[in-house]
**Student:** 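Input: one structure, supplied below.
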Amino acid sequence: MSALLTVNDLKVSFDTEDGVVHAVEGVSYEVEPGKTLGIVGESGSGKTVGTLTIMGLTRAANTTISGQAIFAGEDLLTASEQQMRAIRGDEIAMIFQDPLSSLHPFFTIGAQLVEAIQVHNDVSKSAARSRSAELLTMVGLSDARDRLSSYPHEFSGGMRQRVMIAMALANEPRLLIADEPTTALDVTVQAQILELIADLQAQTGTAMIIITHDLGVVAEVADEIAVMYAGRIVEQAAVGELFANPQHPYTRGLLASIPRLDRDRSSGLDPIAGRPPSLIAPPSGCAFHPRCPRAFDRCPAELPPLEPAAAGSEHLVACLLGAAERSEKQ
Amino acid sequence: MIRYILRRLLWVVFLLFAVSFITFVIFYLLPSADPAALRAGRQPNPELVATIRRQLGLDQPWYVQYGRYMKNLIFHFDFGFSYQNGVPVRQLIFSRLPASISLAAGAAVLWLVVGIGVGIIAAVRPRTKLDRASMGMALVGISAPVYWLGLVALYLFSSDIGLIPILPGANSYVPLSEDPFAWFTSLIMPWCVLAVSFAAFYSRLLRGNLTEVLSEDYIRTARAKGLSERRVVFRHGLRSAITPIVTIFGLDLGILLGGAILTETVFNIPGIGRLSYSSIVRSDLPVIQGTVLLGAFFIVFANLFVDIFYAFLDPRVRYE
């Protein structure tokens, strides 16, 4: 199947007073129709900036963008602002992390949904309201008609995120970008929202990019996972393969730092030492080397390319360790 | 909401009482000229002064005077008579009020249009030359005192002494009911002068608010919906950024309705501001008391109105 979105060597940097921030440093991936790509990484790994750039939302005088993002045959990075406006919210929609701050506090839920519908469809307000009520029912809110005249602050966090999802799906987008959709929610609500997203995706056949720092989240919904570190993809594989056979020391560190019920409690967690690197002056060579337990003399000197983990494999990894050393127990 | 408003109205009554009492006490406790002596003319003899003092009731203890004043005010809406010329204070105030309202309302329209316009332009083009230039100008505008600006304006543009005599200068105020055109032209300069510092302040405030709002998550949501930038700024951004401005605007307008003393004095506009200025100069207590109460009335009601209006602007605000 041909890809819906093909991102090719995407680079994004911002000129700031402190220096040039290299947020995304050459990222490539594909998203196929109906499939889900999970992008995993710590804060500041460039995962959000990359997708916002695809949406055309990082364009500014101090931003430098290069590469390609081909969506349905069109390069989103060079498309005019007018073309992007027609695509945003219609062909590609987004769900954000914090549903309280992402909804306008002064407008009713109904007004915000109606606006999302009317901007891309020439329909009457009452038709848009009916459609809004349908959408709210679809995302599992009861009394949808009455809810339309509520304000965001009158809803709970989970309900607000359902509204955001309804708004994103209003125009049946072909690609849905979910940026940390469950991070701001209670744990019990997180599972419900993930389930809802997965259900709706199955119903509508929408492709999805889900961005998260939580491997548990992508494990449930993603087909493929890309792990990002300091603006680069360091490992990319199908979800089962990545969890069964993690190659990059960073990915292994992420997996080791997740608390698990099936493990002995006395073994404790194994967090990754150190802090995420500065994107203004990233470490030389492999950006992960200062925190890497397996680093050796080549790591600070050479930038590892993203290559198949084994010949002919679709499992990609960017690490200078040999295949045998990588899968050794630490 | 109704209970909240009623409670606030009770406060308003209490506050006006307190203001009247404090004005009275200040007048009696602090040194001031003798109103009777001032009234008596250039060469007063003691008998005349005593007679006048008795006529004005100034020979009574201050609390008796205050009691009588409040009784007349509450039961007859009577503010007493000017010590200076015996004219009823209520009549003085009502004859001066239209000029103050004309000045304040016109200036308010001007500063809102200019302040909001400049604020938006600066906020949507942050750190550009246009932004820096307009904010620099605004700083000058805030710093320039009204009386200085007024005199400079008169010196430059007034038809009698101006270098470019294109506008009626000081002392040219004509009531709206007499000649609308002359009313308008006579107020152009006072409006501009009074509006400058407000426009400057509002533009800086709005720029700050709007810049902050435009980086909010819900603005990103609005853009992600595919809305035009114009709609994002005007509908989503301005709606939030303008709310604090409304609050300040209510209070500023309330204060100015009680008289713009400096502007009215520089341009010799017969408004409440000039009335209070001349009454202070002449120790004319009933007039001072009347203008102070009027000013307090406008301010507390502007405050109340703003608080109620805020609940309509921001749905998160609810009064118990």
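Every chain is numbered from 1 and lettered A, B, ... according to where its sequence line falls, protein lines coming before strand lines.
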**Student:** For A:M138, is the CE atom crowded, meaning more than 12 foreign heavy atoms sit under 6.0 Å from it?
**Tutor:**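 Yes, enclosed.
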
**Student:** Please classify the contact of B:T243 with chain A as side chain, backbone, both or neither, using a heavy-atom distance under 4.5 Å.
**Tutor:**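 Contact with chain A involves the side chain of B:T243 alone.
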
**Student:** Rounded to the nearest 0.5 Å, how far apart are OH of B:Y218 and CG of A:L100?
**Tutor:**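 Between B:Y218 OH and A:L100 CG, I get 10.5 Å after rounding to 0.5 Å.
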
**Student:** Taking side chain as everything from C-beta outward and backbone as N, CA, C, O, which of these in A:I87 sits under 4.5 Å from a heavy atom of chain B? Side chain, backbone, both or neither.
**Tutor:**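 For A:I87, there is no contact with chain B at all, as no heavy atom is under 4.5 Å.
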
**Student:** Taking atom CD of A:Q83 as the centre, report whether more than 12 heavy atoms of other residues, nucleotides or ligands fall under 6.0 Å from it.
**Tutor:**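 Atom CD in A:Q83 is packed in, count exceeds 12.
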
**Student:** Among the options A:E154, A:Q82, A:R88, pick out the one with the most heavy-atom pairs lying under 4.5 Å from chain B.
**Tutor:**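 Result: the option with the highest number of such pairs is A:R88.
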
**Student:** Which pair of heavy atoms, one from A:A111 and one from B:R235, lies closest together, and at what distance?
**Tutor:**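 Scanning both residues, the minimum pair turns out to be CB-NH2, 4.2 Å.
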
**Student:** In terms of heavy-atom pairs under 4.5 Å with chain B, which of A:Q97, A:H120, A:R85, A:M84 leads?
**Tutor:**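 Ranked by contacts with chain B, first place is A:R85.
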
**Student:** Any side-chain heavy-atom pair from B:E229 and A:E81 closer than 4.5 angstrom?
**Tutor:**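 A side-chain contact under 4.5 Å is absent here.
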
**Student:** Need one label for B:I219: side chain, backbone, both or neither, based on atoms under 4.5 Å from any heavy atom in chain A.
**Tutor:**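 Contact with chain A involves no heavy atom of B:I219 at all.
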
**Student:** Do you know the tightest heavy-atom contact between A:P105 and B:P315?
**Tutor:**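 In this case the closest contact between A:P105 and B:P315 is O-CG, 3.4 Å.
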
**Student:** Of the non-hydrogen atoms in A:F106 and B:S240, which two are nearest, and what is the gap between them?
**Tutor:**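 Closest heavy-atom pair between A:F106 and B:S240: CE1-CA, 3.6 Å.
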
**Student:** With a 3.5 Å distance limit and no angle check, can you tell me whether A:H104 reaches the backbone of B:H236 through a side-chain donor-acceptor pair?
**Tutor:**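 Checked: pair present.
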
**Student:** If I measure from the heavy atoms of chain B, does A:L103 come under 4.5 Å with its side chain, its backbone, both, or neither?
**Tutor:**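 The backbone, not the side chain.
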
**Student:** Sort A:H153 into side chain, backbone, both or neither according to what part of it lies under 4.5 angstrom from a heavy atom of chain B.
**Tutor:**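 Side chain of A:H153 only, per the 4.5 Å heavy-atom cut-off to chain B.
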
**Student:** Where does A:A116 contact chain B at under 4.5 Å (heavy atoms): side chain, backbone, both or neither?
**Tutor:**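 For A:A116, the contact with chain B is made by backbone and side chain together.
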
**Student:** Flag yes if more than 12 heavy atoms outside B:I2 fall under 6.0 Å of its CD1 atom; otherwise flag no.
**Tutor:**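 Counting neighbours around CD1 of B:I2, 12 or fewer heavy atoms of other residues, nucleotides or ligands fall under 6.0 Å, so no.
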
**Student:** Just checking B:E212: does its CD atom have more than 12 heavy atoms from other residues, nucleotides or ligands closer to it than 6.0 angstrom?
**Tutor:**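 No, CD of B:E212 has 12 or fewer neighbouring heavy atoms, counting only those of other groups under 6.0 Å.
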
**Student:** Would you check if A:M164 and B:T221 make a side-chain contact, meaning some heavy-atom pair closer than 4.5 Å?
**Tutor:**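 A:M164 reaches B:T221 side chain to side chain.
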
**Student:** Can you find a heavy atom in the side chain of B:R231 that is under 4.5 Å from one in the side chain of A:V119?
**Tutor:**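 No, too far: nothing below the 4.5 Å cut-off.
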
**Student:** Tell me, yes or no, whether the heavy-atom count around A:R59 atom CZ, taken from other residues, nucleotides or ligands under 6.0 Å, exceeds 12.
**Tutor:**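 Count over threshold, so yes.
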
**Student:** Does the side chain of B:R220 reach to within under 4.5 Å of the side chain of A:M94, using non-hydrogen atoms?
**Tutor:**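 In short, these two side chains do not touch, never coming nearer than 4.5 Å.
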
**Student:** Taking side chain as everything from C-beta outward and backbone as N, CA, C, O, which of these in A:M167 sits under 4.5 Å from a heavy atom of chain B? Side chain, backbone, both or neither.
**Tutor:**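 Only the side chain of A:M167 comes within 4.5 Å of chain B.
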
**Student:** When you measure from the side chain of B:K225 to the backbone N and O of A:Q112, does any donor-acceptor pair fall under 3.5 Å?
**Tutor:**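 Pair found, side chain donor or acceptor close to backbone of A:Q112.
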
